[in-house]
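As the structure is a prediction and not an experimental result, all values here were calculated from the model.
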Amino acid sequence: MELDEKKYLYLLLLLPIVVCVFLFNMYWKRKKQLEFGDLEMVKRLSPEKSVFKPVLKLSVILLALACLIIGLVNPKIGTKMETVKREGIDIVFAVDVSKSMLAEDVAPSRLEKSKQLVSQIINNLGSDRIGIVAYAGSAFPVLPITSDYSVAKMFLQSMTPDMVSSQGTSLDEAIKLSSTYFDEKSKTSKLLILISDGEDHSEGASTAAEEANKMGMKIITIGVGTEKGGTIPLKENGVVKSYQKDQNGETVITKLNQEGLKTIAKATKGGYVYGGNTKEVLEYVKNALNNIQKTEFEATQMADFQSQYQWFIGFAFLLLFIDIFLLERKTNWIKELNLFNEKK
């Protein structure tokens, strides 16, 4: 069993409040009766009034409210099992989180644009498995291969330059770490989508790409930034305090290096696409995925959960309907039984 909307469980706190209101009302009525006169005399003036019926009505109302709340929570019960076969490929997103990705020559920044692109690509995937790698001067595993897209997007949004201590941009480290995500013996197609401004401060990216090609990996590179370039703002609490400077005290201008990214993609018979236009990137990746062979990599038994809210809502309305006919005077046939030894 699973609960669809657990937040509505807090409404159950209304039940003790209703009980308190009922008890206060009973206390107030008794107090007024004492002010009016002797309780025995008051009872004689209203011989048909039942002591039990108000408690019964309260119980019915409480049960109806509880059923309505449980209906809002929408409990689901697994009623049958079915086999789900998934076909797809394994995809690793390698996202550049170096400080140059903070440049705002692409709005809102290169890094935020990269996150948007990855998130949109994930939204358009079917049953492929995905993993995420962050890299700057070194590479860092963010999320292993998974089919849980919501978790992937949550980890994606948490990526910042602070998560990698070694600054710079090392594309070869990103490729090497990404290749460890894939099982070399597996027949599942392997794709690395590498997002960067292409400013590589290391050597050997092409060699790493060639090694990746040998194990059956294909690399698509996405360039984020402009060839004109931009400065790297250094912010505190969202306010720009200064700009990144080099060893000579000059303001750093970081530019998009498309040629380096094209070379990496070419080594694996992949492709390069400029990331400035989200629609074009999505179309390019979609076409690339359509040309990659998909394999069956998972067959799981999944419970088909069915909503049960209708039973609780229906029972609640039945109780409320019954409550309409529950009057506070004594019921004749119960009165004849004299269950509470009341004086006639």
Side-chain angles (χ1 to χ4, degrees), residues 1-33 49-82 84 86 108 112 115-116 118-120 122-127 129-132 142-144 146-160 162-163 237-238 298 300-329 331:
M1 176 186 284
E2 65 176 25
L3 303 178
D4 197 28
E5 298 287 345
K6 293 182 181 179
K7 60 186 178 183
Y8 291 116
L9 288 174
Y10 289 109
L11 292 176
L12 290 173
L13 295 174
L14 290 173
L15 302 185
I17 294 174
V18 173
V19 173
C20 289
V21 170
F22 173 79
L23 293 175
F24 177 78
N25 184 55
M26 294 292 289
Y27 167 77
W28 180 81
K29 284 183 178 181
R30 184 177 179 83
K31 185 178 178 182
K32 290 299 179 182
Q33 288 172 354
K49 183 173 176 60
S50 173
V51 178
F52 170 71
K53 284 289 187 67
V55 177
L56 178 61
K57 284 177 68 67
L58 173 68
S59 300
V60 171
I61 291 294
L62 290 175
L63 188 56
L65 278 175
C67 287
L68 283 173
I69 293 168
I70 293 173
L72 289 173
V73 172
N74 188 20
K76 293 182 176 180
I77 299 176
T79 56
K80 63 179 181 179
M81 300 295 287
E82 59 181 13
V84 178
R86 303 170 68 100
E112 290 304 315
K115 291 180 183 180
Q116 291 173 10
V118 174
S119 184
Q120 288 297 317
I122 292 173
N123 288 341
N124 285 275
L125 295 179
S127 54
R129 298 186 301 188
I130 59 176
I132 300 176
V142 176
L143 183 71
T146 179
S147 55
D148 192 332
Y149 294 169
S150 59
V151 171
K153 287 192 281 188
M154 181 181 70
F155 275 89
L156 175 69
Q157 294 307 316
S158 67
M159 295 172 67
T160 66
D162 297 329
M163 68 193 306
N237 299 321
E298 187 177 27
T300 55
Q301 295 287 325
M302 294 186 65
D304 180 22
F305 286 96
Q306 293 186 351
S307 297
Q308 305 296 319
Y309 72 92
Q310 63 273 13
W311 300 104
F312 294 96
I313 298 294
F315 189 54
F317 280 112
L318 176 62
L319 289 171
L320 292 174
F321 180 76
I322 292 173
D323 180 68
I324 296 173
F325 299 95
L326 285 177
L327 305 177
E328 294 195 4
R329 65 169 182 259
T331 305

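Taken to the nearest 0.5 Å, the CG atom of Leu15 stands 11.5 Å off from the CD1 atom of Ile61. Ile70 contributes atom CD1, which lies 15.0 Å from atom CD of Glu5 (distance to the nearest 0.5 angstrom). Here Ser150 contributes atom OG and Phe155 contributes atom CZ; the two are 10.5 Å apart, rounded to the nearest 0.5 Å. Ser119 contributes atom OG, which lies 10.0 Å from atom CG of Asn124 (distance to the nearest 0.5 angstrom). In this structure, CD1 in Ile313 is found 5.5 Å from CG in Leu72, a value given to the nearest 0.5 Å. Atoms NZ and CD1, from Lys57 and Ile324 in turn, are 9.0 Å apart once rounded to the nearest 0.5 Å.
Contact between Leu12 and Ile69 at its shortest, heavy atoms only, is N-CD1, 3.8 Å. When all heavy atoms of Asn74 and Gln308 are compared, the pair lying nearest together is OD1-N, 3.7 Å. Of all the heavy atoms in Gln157 and Lys115, the pair that sits closest is O-NZ, 3.2 Å. Closest non-hydrogen pair, Met159 versus Met163, comes out as CA-SD, 3.5 Å. The two residues Ala152 and Leu143 have their closest heavy-atom pair at CA-CD2, 3.4 Å. Residues Ala316 and Ala64 come closest through the heavy atom pair CB-O, 3.4 Å.
More than 12 heavy atoms of other residues, nucleotides or ligands sit less than 6.0 Å from atom OH of Tyr149.
At least one side-chain heavy atom of Gln116 sits less than 4.5 Å from a side-chain heavy atom of Pro108.
With hydrogens and angles ignored, the 3.5 Å screen pairs a side-chain donor or acceptor of Thr146 with a backbone N or O of Asp148.
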Please report the C-alpha distance between Leu63 and Phe315 in whole Å, then the side-chain angles of each, then the deciding distance to 0.1 Å, and finally whether the side chain to side chain contact (heavy atoms under 4.5 Å, CB included) criterion is met. CA-CA 9 Å; Leu63 188 56; Phe315 189 54; 4.1 Å; yes

Please walk me through it: do Val118 and Ile132 pass side chain to side chain contact (heavy atoms under 4.5 Å, CB included)? CA-CA 10 Å; Val118 174; Ile132 300 176; 5.5 Å; no

Does Leu125 form a side chain to side chain contact (heavy atoms under 4.5 Å, CB included) with Ile130? I'd like the steps, not just the answer. CA-CA 10 Å; Leu125 295 179; Ile130 59 176; 3.6 Å; yes

Between Leu58 and Val18, is the side chain to side chain contact (heavy atoms under 4.5 Å, CB included) condition met? List the steps. CA-CA 9 Å; Leu58 173 68; Val18 173; 4.0 Å; yes

